[in-house]
Amino acid sequence: MHSDGYRDHPVRSYVLTGGRAHPTRNTLRPETLLRAVDDGRELPGSAGRHERTLLRTCRGTLALAELAAHVRLPVSLVAVLVSDLVDGGYLAVLSTPVHDLPATDLLEEVLDGLRRL
C-alpha cells in the first residue's frame, strides 16, 4: 500500500474481465440501481471470487458506484462484472435513470432570456 492510500491489485482488471473493457450492457451507469435476484440459484463453480463478492454485497439495493466502493474496485471493472451477472439473471437492474432533455423550444427561450440580461 502506498502512503497516499492507493491500493494496487495484484491481478490486473483485464484478467478479471477476461480481457473485456466494456460491459455487455451500455445502459449501466454509476447511478444504476442493482439488487441480487433471490431465486435460489447459485453462481456456477466457474464464477470468480469477485463475482461472488459482488453478488453477496448486493443483497440490498445499491447503485453501481456504491457497489464498486464497497468492494474497492474501479467502477469500470465492476460494470463489466455486473453486466455478466445481470445477463446471467443473478442481478436485477431496478431502475435505469432516464435523462430526458428539455424540448428545443424551451432551451431556445432560456437562451433568449439569458441574452436579454
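In what follows, every heavy atom counts, from backbone to side chain, and hydrogens, waters and symmetry copies are set aside.
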Any side-chain heavy-atom pair from V93 and V82 closer than 4.5 angstrom?
-> no

L91, V75: one ILVMFWY side-chain cluster at the under-4.5 Å cut-off?
-> yes

Compare every heavy atom of D105 with every heavy atom of A103, then report the nearest pair and how far apart it is.
-> CB-OD1, 3.0 Å

Sequence-distant partners of R41, side chain to side chain contact (heavy atoms under 4.5 Å, CB included), two or more places apart | D39, Y90

Go through the steps for L34 and L94 under the test side chain to side chain contact (heavy atoms under 4.5 Å, CB included), then give the verdict.
-> CA-CA 6 Å; L34 304 160; L94 298 182; over 6 Å; no

Show the atom names and distances, to 0.1 Å, of all donor-acceptor pairs under 3.5 Å that link a side chain in residues 109-117 to residues at least two apart or in another chain.
none

Could you check if a side-chain atom of H50 sits within less than 4.5 angstrom of a side-chain atom of L73, using non-hydrogen atoms only?
-> yes

Kindly list each side-chain donor-acceptor pair under 3.5 angstrom involving residues 52-68, sequence neighbours excluded, with atom names and distances?
from: R52; atom 1: NH2; to: P44; atom 2: O; distance (Å): 2.8
from: T53; atom 1: OG1; to: R49; atom 2: O; distance (Å): 2.9
from: T53; atom 1: OG1; to: R56; atom 2: NH2; distance (Å): 3.4
from: T57; atom 1: OG1; to: T53; atom 2: O; distance (Å): 2.7
from: T61; atom 1: OG1; to: R35; atom 2: NE; distance (Å): 3.0
from: T61; atom 1: OG1; to: R35; atom 2: NH2; distance (Å): 2.4
from: E66; atom 1: OE1; to: A63; atom 2: N; distance (Å): 2.7

